[in-house]
Every structure is written in structure tokens, then in C-alpha cells.
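Labels below follow one simple rule: chain letters A, B, ... track the order of the sequence lines, proteins then strands, and each chain is numbered from 1.
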There are 4 protein chains.
Amino acid sequence: MKAENKHSKIISAATKVFAKKGFFTARISDIAKEAKVADGTIYLYFNNKYDILLSVFEEEVGKIVENTEKLLSLEDDPRKQLEIFAIQHLLAMKKNRHLAEVIQIELRQTHKIIKEYRDNNFSNYTGIIAEIIRNGQKSGIYRSDIKPDLAKRAFFGALDEISRVWNASLETNYSVKEIATQILSIFLAGIQVDPSNLPE
Amino acid sequence: MKAENKHSKIISAATKVFAKKGFFTARISDIAKEAKVADGTIYLYFNNKYDILLSVFEEEVGKIVENTEKLLSLEDDPRKQLEIFAIQHLLAMKKNRHLAEVIQIELRQTHKIIKEYRDNNFSNYTGIIAEIIRNGQKSGIYRSDIKPDLAKRAFFGALDEISRVWNASLETNYSVKEIATQILSIFLAGIQVDPSNLPE
Amino acid sequence: MKAENKHSKIISAATKVFAKKGFFTARISDIAKEAKVADGTIYLYFNNKYDILLSVFEEEVGKIVENTEKLLSLEDDPRKQLEIFAIQHLLAMKKNRHLAEVIQIELRQTHKIIKEYRDNNFSNYTGIIAEIIRNGQKSGIYRSDIKPDLAKRAFFGALDEISRVWNASLETNYSVKEIATQILSIFLAGIQVDPSNLPE
Amino acid sequence: MKAENKHSKIISAATKVFAKKGFFTARISDIAKEAKVADGTIYLYFNNKYDILLSVFEEEVGKIVENTEKLLSLEDDPRKQLEIFAIQHLLAMKKNRHLAEVIQIELRQTHKIIKEYRDNNFSNYTGIIAEIIRNGQKSGIYRSDIKPDLAKRAFFGALDEISRVWNASLETNYSVKEIATQILSIFLAGIQVDPSNLPE
DNA sequence: CATGAATGAGGGTTCATTCAT
DNA sequence: GATGAATGAACCCTCATTCAT
């Protein structure tokens with residue numbers, strides 16, 4: 001229990017520090033101070049600085065994926081599903097600004113390892129979008145000339161870019177609901193066979 | 001001329017090295033070796049490592065902006081203009097993979113300074129999209145309920161995410177033309193007043 | 001008794017670990033693991049890492065000295081006595097390779113403290129040789145021009161160097177008996193008044 | 001020339017510092033300070049701390065071997081040759097106390113690498129003794145029942161042990177000449193066929 | 001202008017030691 | 001007494017930057 005506690009305290013501190021200073025600029029002692037543990041304590045739970053980054057990603061992102069998939073399973077309409085994904089993503093990013101930056105900034109990082117890791121892992125996440133689109137195509141709701149793997153990137157990229165600058169400018173301008181509505185209205189109109197046919 | 005030469009040799013070397021190793025992992029000596037100059041020589045042209053990054057961005061991205069704006073001035077149809085932007089962006093990213101990574105990876109990095117810098121600078125670039133949309137709205141081609149500053153992010157984000165994974169998976173799968181066509185077909189259908197009204 | 005048990009378990013574990021990894025490279029946790037106690041337990045029996053080293057030396061070497069002196073007291077012939085010392089030393093080193101290395105490697109180490117310590121302690125051990133030689137000189141068996149304190153170092157050094165490389169090369173080549181015979185045949189011939197006068 | 005200078009300044013400083021504090025206790029900054037260079041400068045000439053140790057050994061010991069072999073080539077009498085070796089060894093150790101300790105203390109150290117290294121390298125050195133003995137056996141001067149590879153260890157060990165405690169106790173008591181004479185008188189008497197047959 | 005040897009601050013990591021349980 | 005999680009001082013090494021040549 002105590003160890004559990006400390007492990008997540010470090011993860012959470014690291015998420016905050018990485019987001020604020022960036023992986024390379026962040027010092028282990030920053031994380032330690034933020035987590036209110038000694039520097040050395042961190043190495044009881046992680047092998048090295050890089051391992052902390054991976055763990056932050058693994059653990060925190062895992063939660064989002066899990067949560068999103070649960071919600072999606074309760075809904076059949078591919079249009080509603082796309083909306084769920086968008087809202088979940090934006091909510092998660094808004095709720096955990098620190099994490100948002102870690103995902104967006106750090107995991108676009110250099111190391112091959114991380115790239116592969118992300119590719120294996122984020123595929124799961126963005127793959128959800130492609131799956132929704134494919135389902136929509138089967139039910140004749142989405143245009144069959146849309147390539148799911150291109151569209152998923154476009155959709156994810158749109159959401160990602162918007163939450164990227166969240167802190168800076170969009171902070172007070174738009175709510176998650178407004179943004180999701182705009183993006184959805186564009187994409188649904190863009191990929192539906194009959195754009196006038198909107199979900200109720 | 002010789003100095004000019006050396007300056008751009010360093011910029012070009014830095015672009016390559018930053019893309020390959022990342023800003024923080026890249027060493028000045030790596031850039032010097034790649035540029036075939038002495039380490040110290042770099043400091044005759046740049047104040048510090050960080051200054052090199054800014055310069056890479058400034059100079060290389062400047063070219064793209066300039067080029068894109070020139071092409072756009074020759075075309076009036078907002079739908080064609082959006083297509084021009086998409087194609088120009090994808091072509092530029094494809095042509096200069098190194099630069100593409102520098103923009104995508106490094107400039108999402110760390111320091112507030114860079115963020116502000118980017119915001120001032122990239123605003124110009126993404127601002128082009130917003131301008132196109134506003135024009136289209138005036139001429140009644142684009143839906144008036146679309147928020148240009150949200151749509152510009154969505155559009156840029158879509159393009160950006162697609163070129164991000166370029167190297168990895170899309171390498172051989174799709175041509176720039178195909179990708180641009182897909183994205184355009186989604187976005188135009190998404191934001192036009194009359195989706196069936198496509199440019200010839 | 002239980003404490004006694006733990007104390008010697010640690011000593012024995014430390015001897016093994018020091019020999020294998022060297023004093024500085026050995027970690028307290030290595031010793032703890034080898035002794036099957038917790039790291040902290042070690043500090044119930046020893047003041048610090050260095051104290052363990054001293055104790056290893058003190059206890060283990062003490063046994064050898066004691067044993068050797070007992071055997072020597074049963075023999076009067078200085079030539080036989082030298083043989084006893086040589087055989088006892090080689091046997092002890094062969095029997096306890098770990099200890100052998102600790103003595104040879106670690107106690108030539110660093111700190112003045114240890115040097116003085118060794119000087120005080122090993123003097124007892126090598127002093128045995130000097131004493132044997134002095135006795136032999138009194139009985140007219142050993143040459144009177146031999147300086148006992150030089151000869152003792154030469155004799156001990158010869159034995160020490162031979163057991164140093166024991167593991168490596170001499171492992172299978174020579175038995176303790178053979179080696180002792182060779183060394184003795186050289187030294188006795190070297191320091192006797194009448195080299196042809198060998199003990200039966 | 002300048003680099004040469006700095007390289008040897010570091011070697012020499014390291015020899016001194018290693019001898020004084022021991023390899024593990026010595027800090028890089030100690031060596032740097034002693035050599036009057038910056039810490040980082042050391043890494044322009046050596047890969048790591050351990051590499052410095054190897055280099056100290058390699059360079060300094062190399063000189064001794066070279067010098068000793070040159071002198072030996074000028075002398076045919078195996079008894080004189082043994083004397084030359086003893087005197088050269090003792091002189092070298094006396095002249096360079098620091099080096100003496102490095103050889104004796106540090107190179108008995110742990111790492112397999114160093115052991116192998118030493119075995120390969122010191123074999124050359126102690127091998128000289130074995131060779132002298134073999135030659136003496138061929139010319140009928142040394143006893144044929146002596147095993148050269150045991151005798152070489154005994155002889156080297158005797159010299160080594162004596163110079164080991166040099167600083168401590170023998171400092172003022174005996175000169176190199178006296179010591180060499182004693183050791184030689186023991187060993188020559190010990191290994192000659194006719195002990196009374198001494199070189200003039 | 002150009003060089004690259006030299007600098008030295010900075011930080012990741014280890015591990016002897018402590019102490020609450 | 002015994003534990004082992006936690007501590008934090010210590011140190012090797014890197015690399016951006018400088019400057020004498």
C-alpha cells in the first residue's frame with residue numbers, strides 16, 4: 001500500500017514535471033522534490049529516467065484507452081461513437097493538462113524505442129477510430145471511398161492539435177462541448193454518405 | 001559568400017542532426033562534424049545551441065510560408081486554395097523529412113520561449129488556413145457556423161499527424177496526391193454549404 | 001547463540017563476497033543477501049563496511065595464526081618448523097580461496113589504518129618466520145649472516161606470490177606438497193650453514 | 001607535444017593519486033587537480049577512470065621491462081643476471097614509490113580484465129626470471145630439479161613483498177644493495193648446483 | 001575567420017547507512 | 001532483535017561554450 005502510494009506519487013510528480021520542463025530539461029531531483037521523496041527513492045521504483053517516462057505513458061494512457069473502450073461498447077451508432085471518442089479525448093486532455101503535454105510533446109520524441117513503443121501502443125488508441133469508421137462503412141453510414149487509416153489520422157490529428165494549444169489560447173474561448181461539436185460537424189458531414197442525416 | 005555558405009551548411013547540418021537525434025540528444029560536435037566545420041566555428045554564426053534551433057525553424061519554415069503564399073495569390077476559389085495549402089504542406093514535409101521532424105517534434109518542445117516563438121510564427125502559417133476559410137464564408141461557399149480558428153487547427157492537425165508518421169507506415173502506401181484528395185474530400189464536404197458542389 | 005550464528009554467517013558471507021568482487025565493488029546488500037539477512041541486520045553486528053573487512057581479517061587470520069603456532073610448538077628442528085609454516089600457509093590459502101584473496105588483495109589496500117592494522121597483526125604472522133630463523137641461527141643451523149627480518153619477508157613473499165596465482169595457473173599443476181618441497185629446498189639450501197645437511 | 005605533455009602529466013598525476021588513495025578512493029577530480037587540468041580534460045585522453053589505471057600500468061611498467069631486458073642482454077652469467085633483475089626491480093620500486101604501490105596494490109585488483117591483462121603483461125616480466133633460470137640450468141649452474149615457473153614466483157614474490165613494505169619499515173634500515181645481496185645470497189645458494197661457487 | 005583543445009558546471013545514478021515498524 | 005524502504009551525499013562523466021593559436 002505504501003509502495004503503491006509512492007509509485008503513483010512519483011508517476012504523478014513526473015507527469016507534472018515532464019509537462020512543465022520537458023523530459024530532457026527535467027531533473028530527477030525536480031521529480032523527487034515534487035513527489036516529496038529523496039532522489040534515490042525514485043530508483044527503487046524505476047530503473048532510470050527514461051523508464052519513468054515510459055511508465056508515465058503506459059499507466060496514464062492505459063486508463064484513457066480502457067475508459068474510452070468501455071463507453072464505446074455501450075453505443076452502436078458510428079456517429080455517436082465518433083462523438084464519444086472526441087469528447088473522451090478532449091475531456092481526458094483537458095482534465096489532465098500535464099498528461100496531455102506528456103503525450104503530445106514527449107512521446108513524439110526521438111528515441112526509436114519510444115517511437116516503436118508508441119506505435120504499438122497508440123495504434124490501439126487511434127485504431128479505435130479506424131474501427132468506428134469501418135463499422136460505419138459496413139452499415140452504409142460512412143462513405144465507402146474513405147480510407148479508414150487515413151481518416152483516423154486526420155481525425156486524431158485534428159483533436160490532438162486542438163488540445164495541444166489548449167493552455168495557450170483556447171483556454172477560455174471554447175468549451176469541450178463546443179469544440180467537439182464543431183469537429184464532429186465537420187467530420188461527420190465530411191465522411192457521411194448523406195450529410196444531412198444527423199443523429200438525433 | 002563563403003560565410004553565407006558556412007551559415008547555411010550549418011543550418012542544413014543542424015536540421016539533419018536535430019531530426020535524427022532530437023534537439024537535446026544532438027551534440028554541437030555532431031552538427032559540426034556533419035557541417036564539416038570545427039565546433040568553435042558554429043559559435044561564429046550562432047549564439048548558442050538553442051539559437052541554432054530557432055534559426056533552423058525560422059529560415060526553413062520561412063521558405064515554405066513564402067512559397068505557399070505566392071501560389072495562393074494566384075487562385076481565388078477557396079476550395080482550390082485549401083487544396084493548394086494541403087498539397088504544399090504535404091510536399092514540403094515529404095521533400096524535407098528532416099525539417100518535417102524538426103517542426104513536428106522539436107518545436108513542440110519545452111521552453112516557453114519556443115512556444116511563444118512558434119505561436120508568433122506558426123500563427124502566420126496556420127493563419128493562412130483561417131484566412132482561406134473566412135474568404136470562403138464571405139463568398140457563401142463555406143458554412144458560416146464554422147469557427148475559422150477551430151477549423152484551421154483541425155485541418156492543420158490532420159495534415160500534421162499524417163505527415164508525422166510518414167516515414168513509418170505511409171511511406172509507400174499513399175501518394176501525396178491521394179492523401180490530399182482524401183483529406184480534402186472530407187474537409188470540403190465537411191465545411192461546404194453544399195457538399196455536392198465540388199470544384200471542377 | 002543465534003546472534004553468534006548471525007555474526008559468523010555475516011563474516012563468512014563477507015569473506016566470500018569481498019574475495020569475489022573486491023572490497024570496494026562489493027555492496028553491503030551483496031553480503032546481506034549471501035548471509036541471508038537484511039541489510040540493516042549487518043549494522044547490528046558491525047559499525048560499517050570497513051569494520052566488516054577488519055573483522056574478517058581479524059577472525060579468520062587469527063585462526064590460522066593460532067593453528068600454526070600450535071603445530072610449531074610440537075617441533076624443535078628449525079628446518080622442520082619452516083616446512084610446517086610453509087605447508088600450513090599454503091594449505092590455509094588453498095582451503096579458503098576466498099580468505100586467501102581477501103588477505104592478498106584487500107589487505108594490501110588503501111587506508112593507512114588498514115596498513116597499520118595489518119602491520120600490527122601480520123607482524124605476528126610473519127614474525128613467526130623470523131623467530132624460526134633466529135632459533136635456527138642460535139642452534140648453528142642457519143647462516144648467521146642472514147637478516148631474519150629480510151628473510152622472513154622473502155619467504156613469506158615467495159609463498160604469498162605462489163598462492164596468489166593459485167586459481168589461475170597452478171591449480172592442477174602442482175600439489176601443496178610439491179610446492180612446499182620446492183620452496184623449502186630452495187630456501188633451506190639458501191639459508192643453511194651446511195646445505196647438504198637436510199632433515200631426515 | 002602539448003597533448004603528449006598533458007597525457008603524461010595525467011598519467012603521472014594518476015600514479016601519484018592512485019598510490020596515495022587507492023584506485024577506488026581516488027576521485028577523478030583528485031587526479032585532475034594533481035595534474036593541474038580540468039576534470040573534463042582527462043576524458044580527452046582516457047575513456048574512463050579504469051582506463052587510466054590500465055594506462056598507468058601499461059606505460060610505466062613497460063619502461064621497466066624494456067630497461068631490464070636491455071641490461072640483461074649485456075650479461076651472460078645466469079647468477080649475474082639474477083642479480084641484475086633483483087637490483088633493477090628494487091631500484092625501480094624505490095625510485096617510483098607511487099608506481100610501486102600501484103603495481104602491488106591495484107593490480108592485484110578484482111576485475112577479470114585487469115587480471116588477464118596483468119597475467120599477459122606481467123608474465124613477460126616474471127617470465128624473465130624463468131628464462132634466466134632455464135639458461136642457468138642448461139649451463140649446469142642451476143639445479144635441474146628446480147621448476148623455473150615455481151622458482152620465478154618465489155623470487156618475484158620475495159622481491160615484491162620486500163618492496164611492498166618499503167615505505168613503512170625498511171625505509172632507512174637497508175639499502176637496495178644490501179637487500180639485493182641478502183636475497184641473492186639466499187636464492188643463489190638455494191638454486192645453485194654448487195653453492196660455494198659464487199660469481200666473482 | 002577558423003580551429004579544436006580545454007574548461008567546469010551540471011545531473012543521473014549508486015549505495016552505505018538509518019530508522020520506523 | 002530484525003527488517004528493508006527510504007535517504008541523500010558523493011562521484012563519474014558529458015558536452016555546451018570559450019579562447020589561445
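Closest to the C:Ala38 side chain, of the nucleotides F:dT3, E:dG11, F:dC11, is F:dT3. For A:Lys6, whose side chain is taken as the heavy atoms from C-beta onward, the closest listed nucleotide among E:dG11, F:dC11, F:dA6 is F:dA6. Checked against E:dA5, F:dC13, E:dC1, the side chain of B:Tyr45 finds its nearest nucleotide in E:dC1.
Rounded to whole Å, atom C1' of E:dC1 lies 12 Å from atom CD1 of B:Ile10. Put simply, NZ on D:Lys9 is 9 Å from P on E:dA6, counting in whole angstrom units. Residue D:Phe46 contributes atom CZ, which lies 15 Å from atom P of F:dC12 at whole-angstrom precision. In this structure, C:Leu44 places its CG atom 12 Å from C1' of F:dG4, rounding to the nearest Å. Counting to the nearest Å, the C1' atom of E:dA5 and the CD1 atom of D:Ile42 are 15 Å from each other. Atom pair D:Tyr50:OH and F:dC12:C1' shows a separation of 16 Å (rounding to whole Å applied). At whole-Å resolution of the value, NZ in D:Lys49 and P in F:dT14 are 15 Å apart. In this structure, A:Tyr43 atom OH and F:dA6 atom P are separated by 16 Å, rounded to whole Å.
Heavy-atom nearest nucleotides on DNA chain E were determined for A:Thr41 and for B:Gly40, and the one closer to the 5' end corresponds to B:Gly40. Two residues, D:Asp39 and A:Ala26, neighbour DNA chain E, and the one matched to the more 5' nucleotide by heavy-atom proximity is D:Asp39. Along DNA chain F, the nucleotide nearest to B:Asn48 and the one nearest to D:Asn47 differ in position, and the one closer to the 5' end is contacted by D:Asn47.
With a 4.5 Å cut-off on side-chain heavy atoms, D:Tyr45 and D:Ile11 do not count as touching. No side-chain heavy atom of A:Asn47 sits under 4.5 Å from any side-chain heavy atom of A:Ile52. Looking at D:Asp39 and D:Ile31, their side chains never come closer than 4.5 Å, going by heavy atoms from C-beta outward. Inter-residue side-chain proximity for D:Lys9 and D:Glu34 is flagged as unmet; no heavy-atom pair is nearer than 4.5 Å.
A salt bridge does not link B:Lys33 with B:Asp30: every distance from a Lys NZ or Arg NE/NH1/NH2 to an Asp or Glu carboxylate oxygen is 4.0 Å or more.
Taking a pair as Watson-Crick or G-U with both hydrogen-bonding distances under 3.5 Å, the stems of three or more pairs touching DNA chain E are E:2-21 with F:2-21.
Rounded to whole Å, the P atom of E:dC1 lies 23 Å from the corresponding atom of F:dT21.
Take A:Phe46 and apply the ring pair (Phe, Tyr, Trp, His ring centres under 6.0 Å) test, not counting sequence neighbours, and it matches A:His7.
Counting all heavy atoms, side chain and backbone alike, A:Phe24 lies closest to B:Thr25 at CZ-OG1, 3.5 Å.
For the segment residues 28-35 of chain C, no residue has any heavy atom less than 4.0 angstrom from an atom of DNA chain F.
The main-chain N or O of D:Asp51 is found under 3.5 Å from a side-chain atom of D:Ser55 such that the two form a donor-acceptor pair.
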- Stepwise, does the side-chain contact (heavy atoms from CB on, under 4.5 Å) test hold for C:Ile64 with C:Met93? CA-CA 10 Å; C:Ile64 303 179; C:Met93 295 300 116; 4.1 Å; yes
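Because its NZ or CZ atom is both nearer than 6.0 Å to the ring centre of C:Phe23 and within 45° of the ring axis, C:Lys49 counts as a cation-pi partner of that residue.
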